[in-house]
There are 2 protein chains.
Amino acid sequence: MNILEKINSQITTFSKSERKVAEVIIANPEQAIHSSIATLAKVADVSEPTVNRFCRRLDTKGFPDFKLHLAQGLANGTPYVNRHVDESDGPDEYCAKIFESTMAALDIAHRNLDIGQINRAVDILTQAKKISFFGLGASASVAQDALNKFFRFNVPVNCFEDIVMQRMSCINSTDGDVVVIFSHTGRTKPLVEIAQIARQNDATVIGLTAKDSPLGKECNMCISSDVPEDTDLYMPMASRIAQLVLVDILATGFTLRRGPKFRDNLKKVKDSLRPSRFEKKENLS
Amino acid sequence: MNILEKINSQITTFSKSERKVAEVIIANPEQAIHSSIATLAKVADVSEPTVNRFCRRLDTKGFPDFKLHLAQGLANGTPYVNRHVDESDGPDEYCAKIFESTMAALDIAHRNLDIGQINRAVDILTQAKKISFFGLGASASVAQDALNKFFRFNVPVNCFEDIVMQRMSCINSTDGDVVVIFSHTGRTKPLVEIAQIARQNDATVIGLTAKDSPLGKECNMCISSDVPEDTDLYMPMASRIAQLVLVDILATGFTLRRGPKFRDNLKKVKDSLRPSRFEKKENLS
DNA sequence: CTAAAAATGTAAAAAAATTACATAATTTAG
DNA sequence: CTAAATTATGTAATTTTTTTACATTTTTAG
């Protein structure tokens with residue numbers, strides 16, 4: 001794990017002085033790796049041994065070793081720390097923060113992902129007679145995206161934004177049908193209800209939602225991204241991105257399960273778009 | 001440039017002893033970053049100042065600084081490479097690959113992002129009388145997602161998946177209207193046409209698309225993510241994720257521009273959902 | 001072959017990091 | 001609420017590491 005993330009995740013376990021050190025480092029890791037222990041101690045307003053203890057607590061051999069780890073973390077593209085957008089941020093800053101926190105969220109989602117569940121979900125999907133994707137609000141576009149992928153697989157699929165249509169569709173479902181429901185919180189009442197209806201009609205319900213949520217409990221199986229709630233601007237952000245990546249994963253799993261011949265089919269679907277597009281210019285140089 | 005490459009490229013200019021140092025480092029850079037100058041000097045069979053001079057010659061401040069650079073170079077050696085999903089991959093592998101390549105794509109998008117363009121786009125959006133979001137295929141769900149964010153801002157917004165509706169909407173547009181068009185390739189003919197129509201009717205057209213594409217050229221301004229085309233499974237994957245993050249960024253920019261009072265409004269929108277949700281259980285432990 | 005220049009090493013100085021221990025702050029048990 | 005115990009933090013000394021200054025050796029040019 002990136003040492004910066006490690007600092008962030010353990011920051012609550014630190015003592016007051018250690019936290020000061022952590023904050024200084026997080027605020028400017030670039031500077032930290034070019035400072036001596038004395039400088040850093042002064043900036044953080046603590047003693048040098050405190051900085052040293054801080055380093056040891058993070059399972060490094062000492063300050064120089066810590067700097068090495070930090071340097072590697074920084075080099076790895078991005079110090080994706082969950083930094084929150086601030087009122088005073090300029091465009092540079094909020095862009096960086098949004099990219100970084102999105103990547104951090106994906107990293108968390110990856111770590112928490114139960115691969116066994118993915119595999120089982122792929123099983124279920126490949127055997128489905130019909131697949132329905134439902135979501136509301138921000139999750140509605142995730143459902144639509146899922147539709148855009150799975151319709152290519154030559155399986156009957158559908159996707160409704162309208163809760164009434166969703167209900168009717170679920171009432172009509174039968175054994176062998178699969179209903180995939182997207183909801184970050186898992187607490188949206190109408191979706192919990194359609195999960196119940198679908199199950200009562202023998203459909204298999206897969207929830208891309210929080211594990212212990214009301215919706216999660218109604219589903220036959222549940223794939224959870226465990227990405228923390230987006231609180232920044234009262235809008236879903238990283239959570240729906242994580243859901244989309246899960247859609248990609250399910251679609252990929254589906255494709256691989258079907259073998260190489262199936263992939264040729266996908267190519268055909270894609271190639272069918274060509275007439276509606278302008279030709280790509282080849283290098284004429 | 002990676003410092004290891006630099007050593008390699010300059011090795012001919014080194015003196016005999018310096019070359020010994022270089023060889024020891026190249027042979028085992030991992031070990032080098034965990035050695036003291038004394039150890040390294042002994043292994044290379046040279047004196048300590050020679051090692052120091054070697055470091056300086058490579059434009060570093062000294063031995064510790066050199067190790068920092070080396071550490072970064074090593075970390076950069078295994079960045080998240082765009083690893084492609086392979087026929088024989090098990091669930092562990094394809095999950096990891098998809099997460100990693102998505103993150104790599106976001107990293108690229110971030111690096112290539114023209115922040116000035118973002119800022120100008122935010123300008124335009126905050127001053128819009130009406131905002132329309134259009135996309136087709138996978139980009140349709142991106143457009144829908146954008147709608148889901150921007151409708152909260154109390155600006156007239158719309159979003160159609162239907163190309164005919166898109167056309168009609170553009171024909172009706174006037175000065176002060178903003179049309180945002182999503183297309184990864186920028187070569188989808190109908191979208192290029194609606195961009196033309198919109199501009200002929202004095203709307204401002206923002207393209208989230210490739211810079212030099214036919215669509216890009218028709219737009220008043222163009223925000224490009226420069227994420228490489230997804231070739232894995234003939235389906236759009238990372239590219240649309242990058243677009244969504246750009247949507248987040250524009251929405252965030254919009255919000256920040258409007259100031260703190262505006263954020264209270266957003267909170268209200270979010271809170272309005274509460275009655276439709278099951279209560280979140282508080283810790284009862 | 002000799003003188004100058006360059007390269008390398010030795011040893012001392014400086015800087016940095018670490019340790020041992022003392023003091024202060026906080027928590028816990030009574 | 002107080003006193004003991006624990007934990008956290010800092011001071012100062014020690015050790016390690018790096019750097020500098022300078023001496024010696026090696027190389028090169030005439």
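Every chain is numbered from 1, with letters handed out A, B, ... down the list of sequences.
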Rounded to the nearest Å, what distance is computed from the [atom1] atom of residue [X] to the [atom2] atom of nucleotide [N]?
| X | N | atom1 | atom2 | value |
| --- | --- | --- | --- | --- |
| I37(A) | dA15(C) | CD1 | P | 17 Å |
| K67(B) | dA16(C) | NZ | P | 15 Å |
| F54(B) | dT8(C) | CZ | C1' | 16 Å |

Are [X] and [N] close enough that a side-chain N or O sits under 4.0 Å from OP1 or OP2?
| X | N | result |
| --- | --- | --- |
| S36(B) | dT16(D) | no |
| K20(B) | dT8(C) | no |
| K16(B) | dT26(D) | no |
| S15(A) | dA8(D) | no |
| T50(B) | dA7(C) | no |

Legend entry - Nucleotide of dT9(D), dT19(C), dT19(D) approaching P49(A) most closely (side-chain heavy atoms): dT19(C)
Legend entry - Geometric class of the F254(B)/F150(B) ring pair [parallel <30°, tilted 30-60°, perpendicular >60°]: perpendicular
Inset, instruction - Give R19(A) one of three labels, base, sugar-phosphate or nothing, depending on what nucleic acid heavy atoms sit under 4.0 Å from its own. - result: nothing
Legend entry - From F54(B) atom CZ to S17(B) atom OG, the distance as rounded to the nearest 0.5 Å: 12.0 Å
Legend entry - Residue met sooner reading DNA chain D from 5', once S47(A) and S35(B) are mapped to nucleotides: S47(A)
